[in-house]
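I have placed the structure first, in the form of structure tokens, so that the comments after it can refer back to it.
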Amino acid sequence: MFSRKNPVALIKYNLIEFSDCLTLVKNMKLSGEFELNKTVEINGDSFSIEGEGELVIKSKVANAFRVTNGGSLELKNVKLSYLGDKVDSEDPFIFVEGSKLIADGSELKGSISDCIKAIRSEIKLGNSSIIGIGGSGVYLISSRGIIQKSKVTGNTGNGINIQDQSHLEVSQCEIRGNGTEGEGYPQIWVKKSELSLIDSIVADSVGVCGIVLISYSIGVISNCKLDEIYVADNSVKCLIQNSIVMSKAYIGSSNVKVVDSYIEGGIKRI
């Protein structure tokens with residue numbers, strides 16, 4: 001007899017699709033390699049997926065998870081990658097609206113659009129990697145987020161994009177190699193939002209620069225090492241302290257304080 005306590009058996013004997021099993025067993029612990037053939041819809045419910053040993057989920061759909069209406073998704077020790085045949089899509093790999101996403105010890109890899117897109121939501125990423133091939137790694141709209149001890153690399157858009165009254169705390173992270181040559185994608189883009197960047201590295205920019213803050217944004221950058229930074233006009237407030245800027249700092253705001261920091265290329269007023 002098969003039960004919800006034995007989800008692997010259900011999948012192994014082709015009694016249920018892996019995506020259907022995920023919605024049936026809301027708190028799943030398992031190991032092995034599985035394929036996701038359709039989007040997992042989480043509407044107002046709470047789900048958790050934890051790897052016991054190595055858990056690899058290969059998604060054949062561009063939008064692997066869709067979390068809405070107060071739902072929540074927790075991924076722990078999960079390797080989630082996109083292996084579909086689409087080369088272009090506007091669907092985020094993980095879409096969260098009015099809900100919550102937690103990822104710990106996980107790897108999200110190969111999304112062809114934004115890897116994580118959150119609208120009016122809350123996200124928390126720890127000890128994880130966001131390795132995209134398209135779009136932004138983390139895209140927040142009117143959302144709150146915490147990213148700790150994680151890597152955001154290889155996304156052709158922004159590594160991190162926060163807009164419209166979003167609040168994001170980033171600490172002990174590496175933001176590297178994001179953007180597209182010749183395109184206007186900084187590794188971190190902040191618009192009408194607040195960014196706290198602490199004990200982190202923003203380096204190897206492929207696009208225009210490391211960090212851009214515009215339009216009534218607030219930035220606090222402390223104990224960091226970063227590529228070029230661009231701070232727009234007087235609507236933006238920014239504190240750079242105990243940090244190293246490996247190129248120039250382009251400053252268009254009089255509300256910028258630089259304290260105990262080294263800017264290799266100097267400050268250029270814009």
Side-chain angles (χ1 to χ4, degrees), residues 36 39 56-66 75 78-97 101 103 106-119 121 123 125 128-141 143 145 147 150-164 166 168 170 173-193 195 197 200-215 217 219 224-230 232 246-247 250:
L36 196 62
T39 301
V56 177
I57 302 174
K58 297 180 178 180
S59 177
K60 291 190 173 182
V61 291
N63 180 203
F65 291 92
R66 185 178 179 87
L75 302 174
V78 176
K79 291 185 177 180
L80 174 65
S81 60
Y82 175 68
L83 291 178
D85 54 9
K86 281 188 176 182
V87 295
D88 187 27
S89 174
E90 294 184 359
D91 294 325
F93 203 31
I94 299 178
F95 178 71
V96 190
E97 184 172 16
L101 170 69
S106 295
E107 180 182 273
L108 311 178
K109 185 176 182 180
S111 59
I112 57 175
S113 182
D114 302 319
C115 193
I116 296 171
K117 185 174 183 179
I119 301 174
S121 295
I123 71 162
L125 311 178
S128 296
S129 297
I130 311 297
I131 308 169
I133 58 173
S136 296
V138 178
Y139 186 7
L140 303 185
I141 301 174
S143 296
I147 307 177
S150 296
K151 295 182 179 181
V152 182
T153 63
N155 300 278
T156 57
N158 309 114
I160 296 172
N161 184 334
I162 61 173
Q163 300 192 33
D164 299 337
S166 290
L168 179 63
V170 179
C173 290
E174 289 188 27
I175 317 297
R176 288 184 180 271
N178 299 286
T180 299
E181 189 172 354
E183 300 289 338
Y185 295 116
Q187 297 212 68
I188 300 179
W189 171 266
V190 186
K191 181 179 180 181
K192 296 181 181 178
S193 296
L195 170 71
L197 184 70
S200 296
I201 296 173
V202 182
D204 305 326
S205 299
V206 182
V208 291
C209 64
I211 302 174
V212 170
L213 296 102
I214 66 170
S215 302
S217 292
C224 293
K225 185 176 181 180
L226 52 137
D227 290 342
E228 288 180 347
I229 181 170
Y230 177 97
M246 295 176 285
S247 185
Y250 293 88

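Nothing fancy with the numbering, it's 1 onward along the sequence.
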| field | Heavy-atom pair of closest approach, residues S121 and S143 | value | N-OG, 3.0 Å

| task | Evaluate side chain to side chain contact (heavy atoms under 4.5 Å, CB included) for K225 paired with M246, printing each intermediate quantity in order. | result | CA-CA 7 Å; K225 185 176 181 180; M246 295 176 285; 3.2 Å; yes

| said: Can you confirm whether I214 sits close enough to W189 that some side-chain heavy atom of one is under 4.5 Å from a side-chain heavy atom of the other? | reply: yes

| said: Once rounded to the nearest 0.5 Å, what's the spacing between atom CD of E174 and atom CD of Q187? | reply: 11.0 Å

| Should K151 and R176 count as side-chain neighbours, where that means a heavy-atom distance under 4.5 Å? | no

| In Å and rounded to the nearest 0.5 Å, what is the CD1 to SG distance from I211 to C224? | 7.0 Å

| task | Would you indicate whether the side-chain heavy atoms of L101 and F65 approach each other to under 4.5 Å? | result | no

| Between CG of N63 and OG of S113, what distance do you get to the nearest 0.5 Å? | 9.5 Å

| message | When you compare the side chain of L75 with that of L108, does any pair of heavy atoms fall below 4.5 Å? | response | yes

| query | Quick one: does D227's side chain have a donor or acceptor within less than 3.5 Å of a partner on S205's backbone? | reply | yes

| request: Report yes or no: does S59 contribute a side-chain atom to a donor-acceptor pair with the main-chain N or O of A64 at less than 3.5 Å? | output: no

| query | Taking the side chain from N178 and the backbone from N155, do they hold a donor-acceptor pair closer than 3.5 Å? | reply | yes

| query | So do the side chains of I119 and F95 get within less than 4.5 Å of each other, counting heavy atoms only? | reply | yes

| Distance-minimising heavy-atom pair for N158 and P186 | ND2-O, 2.8 Å

| said: Quick one, I229 with L213, criterion side chain to side chain contact (heavy atoms under 4.5 Å, CB included). Give me CA distance, side-chain angles, the key distance, then yes/no. | reply: CA-CA 8 Å; I229 181 170; L213 296 102; 4.1 Å; yes

| field | Distance, nearest 0.5 Å, that separates CD1 of I116 from CD1 of I130 | value | 4.0 Å

| message | What's the separation between atom NZ in K117 and atom OH in Y139, rounded to the nearest 0.5 Å? | response | 5.5 Å

| query | When rounded to the nearest 0.5 angstrom, what is the spacing between CD1 in I94 and CG in D114? | reply | 12.0 Å

| Between S166 and I141, which heavy-atom pair has the shortest distance, and what is it? | OG-C, 3.5 Å

| Heavy-atom closest pair, residues T156 and G134 | OG1-CA, 3.1 Å

| Do I147 and I160 touch side chain to side chain, with heavy atoms closer than 4.5 Å? | yes

| field | Closest non-hydrogen atom pair between S193 and Q163, with its separation | value | OG-C, 3.1 Å

| A232 versus Y230, closest heavy-atom pair with distance | CA-CE2, 3.9 Å

